[in-house]
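Numbers restart at 1 for each chain; the letters A, B, ... are given by sequence-line order, proteins then strands. Predicted, not measured: the structure shown is a model, and the values here were computed from it.
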Amino acid sequence: MKEYAQAPHGDVSAEQPNIIEVDGLVKRYGTFTAVNGIQFQVKRGEIFGLLGPNGAGKTTTMEMIEGLRQPDEGVARVAGYDTRTQLSKVKEVIGVQLQSTSLFDLLTVKEITAMYASFYHVPTLPILPLLDSVTLSEKLNDRVKNLSGGQKQRLAIALALVNDPQVVFLDEPTTGLDPQARRTLWDIILKLRDQGKTIIISTHYMDEAELLSDRICLMDRGSIVALDTPRNLIRSLESESAIEFRVPALDTMPEERRSELLDSMQGIEGVRQAEFRKDSYVLYTDQLQSALTGLVALTERDGIQFTDLLTRTATLEDVFIHMTGRSLRES
Amino acid sequence: MKSYTQLTLAQLRLFARNKQVLFWTLAFPIFLMVMLGSFAGGSGGGSIDGYYYDEDGGSEGSKTVIAALEGQKEILRLEPAENKEEAMNELKEGKKGVIIIIPSGFGASMTPESIASGTQAKLLLYYDQTQAIKAQSAINAMEQVTDGLSKALVHYSPVVVLDSVGVQSLELQYIDFLVPGIVAMMIMSNNLNGVAGQIASWRERGILRRMQSTPLHPSSFIAAQITARLLLNGAQAIIVLLVSSLLFGTQVNGSWLLLIGFVIVGTLAFMAIGFIIAGLAKTPESAGPIAGFVSFPMMFLGGVFFPISSMPAYLQPVVNLLPIAHLSTSLRQIMNVGAGLTQLWSEALLLGGWLIVAFIVASFTFKWE
């Protein structure tokens with residue numbers, strides 16, 4: 001198994017120029033505001049992750065930058081081109097993999113790649129090496145309908161690369177794929193980064209965002225909740241570890257007793273934040289040992305049984321919950 | 001230009017590889033043709049409706065003629081006309097297929113004196129050219145009438161007689177009417193339903209959206225669609241014509257070039273209507289019913305299976321605006337009567353009008369997403 005922890009984070013030189021500039025983008029559908037005045041910049045060569053639950057506005061944000069949707073307010077610039085007035089220039093320098101694209105099932109991999117290549121006026125990549133780079137060269141003459149889910153997704157990425165774009169947009173590229181296919185795709189994405197491509201990737205998998213992204217833009221309900229490197233985001237919790245456990249007697253406990261319990265956990269030395277989530281308590285701490293000792297002392301004093309105790313390092317999920325009060329998986 | 005070529009190629013490949021669709025779009029018209037061509041006919045298939053008008057005021061001669069006409073009532077279903085003008089108008093409108101006029105002085109020219117002087121007694125027959133085969137049988141029947149009268153007048157008795165057994169199949173006459181109608185119907189359904197369904201489904205599946213994210217211009221996309229469908233339709237029309245020619249011996253009496261010209265104009269007009277429907281349909285599921293709502297009535301009102309003239313009078317103004325009516329009429333006129341553009345300019349104009357208006361509307365309603 002490959003070691004992914006080595007993926008470089010946050011080493012994109014600060015001197016790199018911005019290739020994408022988004023300022024005050026708003027998109028409304030009737031009375032519903034899908035994207036509510038977001039602003040960020042992406043540096044050349046960066047993998048920029050949009051992380052958030054379904055309906056957070058990730059896809060709408062990407063599509064406004066791609067020029068597929070007209071923003072109601074605000075400006076998006078790609079490589080210096082305004083998406084409202086210079087869309088045809090923008091389209092030549094970007095590559096897009098859409099969340100729900102299906103391709104012509106009855107065409108072969110080679111035919112469909114040649115077709116997409118014909119849409120561009122800029123020089124396009126030779127088909128064979130391109131398909132080889134997404135490990136599809138063996139499937140050259142296979143029809144799209146005979147490809148597996150992962151192969152189709154790799155083809156979609158090859159099509160996004162056919163014009164040798166400066167910026168590649170990947171909208172939830174690994175959704176619905178099995179773990180092996182996801183890893184293959186991650187490899188491809190990291191390789192693209194090494195080639196100097198700027199990549200905007202949306203995902204609702206926090207492990208994927210953490211692994212791939214140089215910077216992560218946490219989105220919820222059309223707004224940016226936080227934007228930083230994965231490490232800094234987790235650091236912002238000021239807690240390295242999380243302690244989770246369940247209290248079986250909780251079901252029979254009166255409501256005020258529960259909050260009393262939470263308050264007393266909050267008071268344990270070393271615990272920065274105590275939360276009750278679904279059926280578990282979660283304690284965040286940067287002093288794991290003293291927090292654990294305190295927890296044991298507290299439960300013994302009050303005669304509380306706990307089960308399923310585990311400790312782990314804090315994740316982006318914790319950041320998201322801390323910021324929004326909701327889990328990434330809820331939506 | 002290369003995107004146009006690639007997209008045309010892609011569409012042709014999609015057609016060629018979708019064997020089931022390819023088969024059924026061909027099988028359906030051929031099946032219809034064989035079924036209707038074989039089952040129809042029979043009741044009145046070969047007879048022709050018309051009037052006779054006696055200008056000779058009930059003379060002996062005209063009475064003889066009317067009696068002789070009665071002997072041909074299997075083919076000539078005639079009624080006496082009240083008014084010659086009205087009768088002629090009905091013929092021009094296609095409501096009647098034939099008018100026989102007994103001119104004034106006809107009886108006088110049948111007297112022995114007149115015959116001896118070598119004067120010929122003349123009957124007049126007006127017929128509808130669009131019903132060429134029926135008209136031919138009407139003419140044959142009338143020739144028998146005049147022949148019989150002539151023989152009776154000169155007391156001629158033939159020595160050698162031909163006892164012919166009629167194997168004239170009435171179906172063949174309907175098939176000549178039917179085949180151009182079926183070609184018109186095929187053009188309508190392949191384009192109108194085909195474009196509406198396909199574009200709506202491509203939109204739903206995000207295929208159009210993906211193309212929209214490239215510099216591809218919509219005009220290249222639409223031009224490629226048009227080219228591929230013209231090639232497919234042209235091929236299908238020719239296959240149906242060949243099959244009908246092999247199975248039923250139908251012919252193209254007019255110019256193939258003009259026939260293909262009308263196939264092209266019809267294809268474009270219905271394709272444009274299909275693009276409008278694809279623009280209106282919110283889901284691919286609704287595209288089918290909307291296309292059906294448009295094409296189904298046209299199939300029955302537009303002279304595909306039944307002559308337009310057999311439609312109720314109050315529907316005529318509507319029917320006369322339908323593109324299918326003009327397509328089926330022109331194809332029929334070219335194939336059956338060998339009509340040229342000089343006779344068909346009004347049909348060409350109306351189809352062209354539909355084409356232009358529909359394309360303008362389509363260009364406003366077409367959406368990538």
B:R210, B:K2, B:R13, B:Q6: which one forms the most heavy-atom pairs within less than 4.5 Å of chain A? B:R210
Does CZ in B:F300 sit with more than 12 non-hydrogen atoms of other residues, nucleotides or ligands closer than 6.0 Å? yes
Is any side-chain heavy atom of B:I207 closer than 4.5 Å to one of A:L103? no
Looking at every heavy atom in both B:S213 and A:L68, which two are closest together, and how far apart are they? N-CD2, 3.8 Å
When the 4.5 angstrom heavy-atom criterion is applied to A:L87 and chain B, the contacting part is neither
Hey, are A:E66 and B:R209 close enough for a salt bridge, meaning a charged N less than 4.0 Å from a carboxylate O? no
What's the spacing between B:S220 OG and A:F119 CZ if we round to 0.5 Å? 9.0 Å
Got a second to check how far A:F104's CZ is from B:N18's CG, nearest 0.5 Å? 12.5 Å
Does A:E138 CD have over 12 foreign heavy atoms under 6.0 Å away? no
Using a 4.5 angstrom heavy-atom cutoff, name the option from A:Q99, A:E111, A:Q97 with the most pairs to chain B. A:E111
With a 4.5 angstrom heavy-atom cut-off, is it the side chain or the backbone of A:A117 that approaches chain B, or both, or neither? backbone
Using 0.5 Å steps for rounding, measure from the CE atom of A:M115 to the OG1 atom of B:T8. 11.0 Å
Whether A:K91 side chain and B:L216 backbone form a donor-acceptor pair below 3.5 Å: no
Roughly how far apart are A:L98 CG and B:M211 CE, rounded to 0.5 Å? 12.0 Å
A:Y29, OH atom: more than 12 neighbouring heavy atoms under 6.0 Å: yes
As an exercise: rank A:A114, A:S88, A:A156 by heavy-atom pairs under 4.5 Å with chain B and give me the winner. A:A114
Distance in Å, B:S3 OG paired with A:H121 NE2, rounded so as to fall on 0.5 Å steps: 6.5 Å
Does any heavy atom of chain B fall under 4.5 Å from the side chain of A:F169, the backbone, both, or neither of them? neither
Got a sec: does the CG of B:L246 have more than 12 other heavy atoms crowding it under 6.0 Å? yes
Taking atom CH2 as the centre, does B:W24 end up with more than 12 heavy-atom neighbours from other residues, nucleotides or ligands that are less than 6.0 angstrom away? no
Between B:R205 and A:S102 (side chain of the first, backbone of the second, donor and acceptor by atom type, cut-off under 3.5 Å), is there such a pair? no
